[in-house]
Amino acid sequence: MARVTINDMTKKFGRVTAVDGMSLDIADREFMVLLGPSGAGKTTTLRCVAGLETPEEGNIRFDDESIDKVSPALRDVAFVFQSYALYPRKSVYENIASPLMARKVSKDEIDRKVREVAQKLHIESKLERKPAQLSGGEQQRVALCRAMVRQPRVFLMDEPLTNLDFKLRVEMRTELKHLHADLDTTFFYVTNDQLEALSLADRIAVLNNGLLQQVDTPENVYEHPANRFVASFIGSPTMNFLDCALTNDGTPALAADGWSLTIPDNVRDAIKGAELDRVVLGVRSEDIALRPQGSSGDLDAEVFSVEPLGDRNIYDVQLGSSYIRVKTAPTVMLDIGDRVRLNVDRARIHLFHPKTDRAIM
């Protein structure tokens with residue numbers, strides 16, 4: 001178990017800066033998820049912590065000890081890869097036991113530990129099989145068992161669920177959550193799947209183009225995104241964004257081509273406090289209520305398309321010259337071309353600076 005501290009770390013590959021001045025403090029026993037799109041620098045960060053890459057600048061510490069000059073073999077980390085990286089000619093038992101064999105642990109101790117971790121991840125009946133005889137989910141469990149058996153100070157996981165089908169990913173998320181609680185060890189987990197991040201993490205670090213965007217709890221990253229990138233990357237469907245201007249003809253409002261939305265005084269004051277007259281309005285699809293024409297509401301719109309998803313419907317509606325997405329119950333049945341009314345929950349709207357993209361509120 002260890003606290004991991006990354007101080008001002010920069011890693012370059014030629015002229016490309018993969019990680020740019022990252023500082024991140026991962027608490028002992030924390031489940032930290034590094035979230036971002038492909039090419040953001042996530043795997044590079046993990047490889048630097050493991051010692052497989054050497055940063056040009058910065059410092060990495062485990063507890064109070066600098067590990068910059070410590071070889072990967074001596075850092076006492078377990079790395080779980082996206083590709084499983086199992087030995088194809090060895091049995092499941094031998095794959096799991098391999099780190100202990102390398103340390104020359106006694107046979108009795110190896111047998112006890114292998115069977116113990118295999119039981120935790122429900123593959124004790126597969127120990128004599130070869131990896132090719134296993135499903136993708138079972139292979140991933142073997143890779144996790146091989147990491148667990150070492151009892152490392154830190155678990156590093158690089159998109160370990162990417163190659164699994166949807167049902168298995170959901171099951172493995174639950175198992176990983178329980179596994180972290182059972183092992184009581186530091187987890188540093190990389191993914192580009194925001195659902196994984198929201199469901200697994202104690203805290204999420206959002207990374208884009210090598211730069212940290214926000215580090216916070218899943219709830220705060222979702223409810224209070226630091227900037228437009230975080231707001232767009234977290235949530236499904238993605239947040240709606242509308243360029244608009246502040247008007248104040250008696251009642252303050254945000255307006256653009258074909259629509260106008262009255263706003264409370266605190267929203268107006270936030271815009272004025274930022275010394276702006278134009279902003280980007282952000283509103284999530286679940287914070288807009290969609291009703292048939294003739295109902296009371298804030299805005300007139302027209303149904304452009306619909307995605308029935310079983311447990312919900314996603315409507316694309318045209319609002320003036322813009323298009324936004326609205327999430328409804330599956331019982332809401334509307335046709336393309338129907339006129340509708342939209343009600344916006346003003347207590348849950350977001351505002352972003354039109355040039356810097358930072359959150360105003």
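Applying the salt bridge (Lys or Arg N to Asp or Glu O under 4.0 Å) rule to pairs touching residues 346-359 yields E223-R348, D287-R348, D298-R346, sequence neighbours excluded.
No salt bridge links K272 with D269; every basic N to acidic carboxylate O contact stays at or beyond 4.0 Å. Between D300 and R341 there is a salt bridge, since at least one side-chain N of the basic residue sits less than 4.0 Å from a carboxylate O of the acidic one. In summary, E175 and R141 engage in a salt bridge, as defined by a charged side-chain N under 4.0 Å from a carboxylate O. A salt bridge between R3 and D25 is present, with a side-chain N of the basic residue lying under 4.0 Å from a carboxylate O of the acidic one. In summary, E109 and R112 engage in a salt bridge, as defined by a charged side-chain N under 4.0 Å from a carboxylate O.
In this structure, S285 contributes its side chain and V326 its backbone to no donor-acceptor pair below 3.5 Å. Judged by distance alone, with hydrogens and angles left aside, the side-chain atoms of T44 form no donor-acceptor pair with the main-chain N or O of G41 at under 3.5 Å. Between the side chain of N95 and the main chain of R146, no donor-acceptor pair closer than 3.5 Å is present. A donor-acceptor pair is defined here as one N or O able to donate and one able to accept, closer than 3.5 Å; such a pair exists between the side chain of T162 and the backbone of E159. Without hydrogens or angle criteria, H353 side chain to A359 main chain gives no donor-acceptor distance under 3.5 Å. N209 places no side-chain N or O within donor-acceptor distance of the main-chain N or O of L211, the cut-off being under 3.5 Å.
Residues M239 and F352 have side chains in contact (heavy-atom distance under 4.5 Å, counting atoms from C-beta outward). Side-chain contact between L35 and Q194 is present, with heavy atoms from C-beta onward closer than 4.5 Å. With contacts defined as side-chain heavy-atom distances shorter than 4.5 Å, the pair L246/V279 does not qualify. Within the 4.5 Å cutoff, side-chain heavy atoms of I288 are placed close to those of N240.
Atom OG of S199 is separated from atom CG of D193 by 8.0 Å, given to the nearest 0.5 angstrom.
A cation-pi arrangement is not found for R153 relative to F62, the charged atom failing to lie both closer than 6.0 Å to the ring centre and inside a 45° cone about the ring normal.
The number of heavy-atom neighbours closer than 6.0 Å to CD of Q119, taken from other residues, nucleotides and ligands shown, is 12 or below. Within 6.0 Å of CZ in F304 there are 12 or fewer heavy atoms belonging to other residues, nucleotides or ligands. Surrounding CZ of R61 are more than 12 heavy atoms belonging to other residues, nucleotides or ligands, all under 6.0 Å away.
Counting all heavy atoms, side chain and backbone alike, Q139 lies closest to L134 at NE2-O, 3.4 Å.
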